[in-house]
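Everything below concerns the one structure shown next.
Chain letters run A, B, ... following the sequence lines, proteins first, then strands; residues in each count from 1.
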Amino acid sequence: MGSPERHLSYGDYTDFSQGHTGLWDMEDAKPSRGLPSMPLQGVYLSRFDMLLSDDTAWLLRKADMATPLTRDVEQIRCKEVGQCPGIDSPGLGLELCPPVMDGQVEIEERCLEQVQSLVVGEVLKDIETACKLLNIPPDPMEWNPGNVQKWVLWTEHMYRLPQVGRDFQELSGRDLCMMSEEDFRQRSSQCGDVLYAHLDIWKTAAWMKERCCPEDSSVNGTEELCSEVDSCCTGQPIHLWQFLRELLLKPHNYGRSIRWLNKEKGIFKIEDSAHVAKLWGIRKNRPAMNYDKLSRSIRQYYKKGIIRKPEVSQRLVYQFVHPV
DNA sequence: CATGAGGAATTCT
DNA sequence: AGAATTCCTCATG
């Protein structure tokens, strides 16, 4: 297994997005199979608990106990790796003993701080992306039962969890947020805890946003705001071609399902047809969506001059007639 | 067997 | 009304 170019997403820190090894496809979720042995992985994960130290320490104070993000990630990771917290995570040691700063450690800490803020930024961006594609508000408290259902299905498919969407029907976001981890487990013994952890990340992110809204324009906040306005606030339903574009815009999230072959010419390839169809189905509340139907919709675009097959026709490869 | 093209009826907003 | 969905037949590799 190589080390392909990959950007950060909170999935990466939980190892979900790597490899599609189907770790979660089986009930007996055999750990370790296909788990990448990249050294970075361990560092990121084990140190994730420090995410909220220093400049982001305020995040911790949301709940005066353990950091939600940390706890979540650690828990998700445990489930994934099949281990218990603390057993092999050097990062946790920092909670137990005061940091001893020699030069080496200090440098490491610096790097870590940078990684931490990077991670927080990426997590927020990923959530924003998901919101746009799902057309749901970022704050789980505002979700209606339909939003909840979308989020559950989406999370299931993004992280290859066992399918438990039905277990969370008829719940509002408020209900969901009130539920304890135990409640989640009761609804789904398989992955209730993981869903709970994911939700907690969203809750924390919403809380963060609420806290530091105005000055959040640091990187590309305005750009994000604009695209949010034109894609979701116009009220009209999203078009399939727009949806595909948005997926293509986020290669670090969806690159394993759909990616550019030639961005300049607008040529793209659907790598995982079933997955793309599923995501589209979730977006449109069409549980029966499949690639058969999705491709029919794409073919409707031929006549309209929105999408075509490229010069040299290849399976699952299409081309936007008007690339950006 | 999955993909691809396109007709036709239906549904959704 | 327009876009997408659903279902279908036939073709291709």
Ring pair (Phe, Tyr, Trp, His ring centres under 6.0 Å) partner of A:W280, the single match among A:F243, A:Y291, A:W241, A:Y254: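 Single pass found, and it is A:F243.
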Would you kindly give the [atom1]-to-[atom2] distance between [X] and [N], to the nearest whole Å?
{"X": "A:R299", "N": "C:dC10", "atom1": "CZ", "atom2": "P", "answer": "16 Å"}
{"X": "A:L316", "N": "B:dA5", "atom1": "CG", "atom2": "C1'", "answer": "15 Å"}
{"X": "A:K309", "N": "B:dG4", "atom1": "NZ", "atom2": "C1'", "answer": "7 Å"}
{"X": "A:R308", "N": "B:dG4", "atom1": "CZ", "atom2": "P", "answer": "16 Å"}
{"X": "A:N285", "N": "B:dC12", "atom1": "CG", "atom2": "P", "answer": "11 Å"}

OP1, OP2 of B:dA5 versus side-chain N and O of A:Y302: anything below 4.0 Å?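 Checking A:Y302 against B:dA5: at least one side-chain N or O falls below 4.0 Å of OP1 or OP2.
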Would you please confirm or rule out a distance under 4.0 Å between OP1 or OP2 of B:dT3 and any side-chain N or O of A:S273?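 Checking A:S273 against B:dT3: at least one side-chain N or O falls below 4.0 Å of OP1 or OP2.
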Given A:S295 and A:R299, is the side-chain hydrogen bond (donor to acceptor under 3.5 Å, both in side chains) satisfied, shown in steps? CA-CA 6 Å; A:S295 64; A:R299 271 178 257 125; 2.8 Å; yes
Under the salt bridge (charged side-chain N to carboxylate O under 4.0 Å, His left out) test, residues paired with A:R259 that sit two or more places apart: A:E271
Parallel, tilted or perpendicular, judged at 30° and 60°: which one describes the rings of A:Y302 and A:Y318? tilted
Name the orientation class of the two ring planes belonging to A:F184 and A:Y196 (parallel below 30°, tilted from 30 to 60°, perpendicular beyond 60°). perpendicular
Quick one: what's the B/S/- string for nucleotides 1-7 of chain C, heavy-atom cutoff under 4.0 Å, read 5' to 3'? --SSBBB
Do A:W207 and A:W202 have their ring centres less than 6.0 Å from each other? no
How is A:Y318 classified with respect to the nucleic acid when contacts are heavy atoms under 4.0 Å: base, sugar-phosphate, or nothing?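 Sugar-phosphate: the residue A:Y318, judged by heavy atoms under 4.0 Å, touches backbone atoms but no base.
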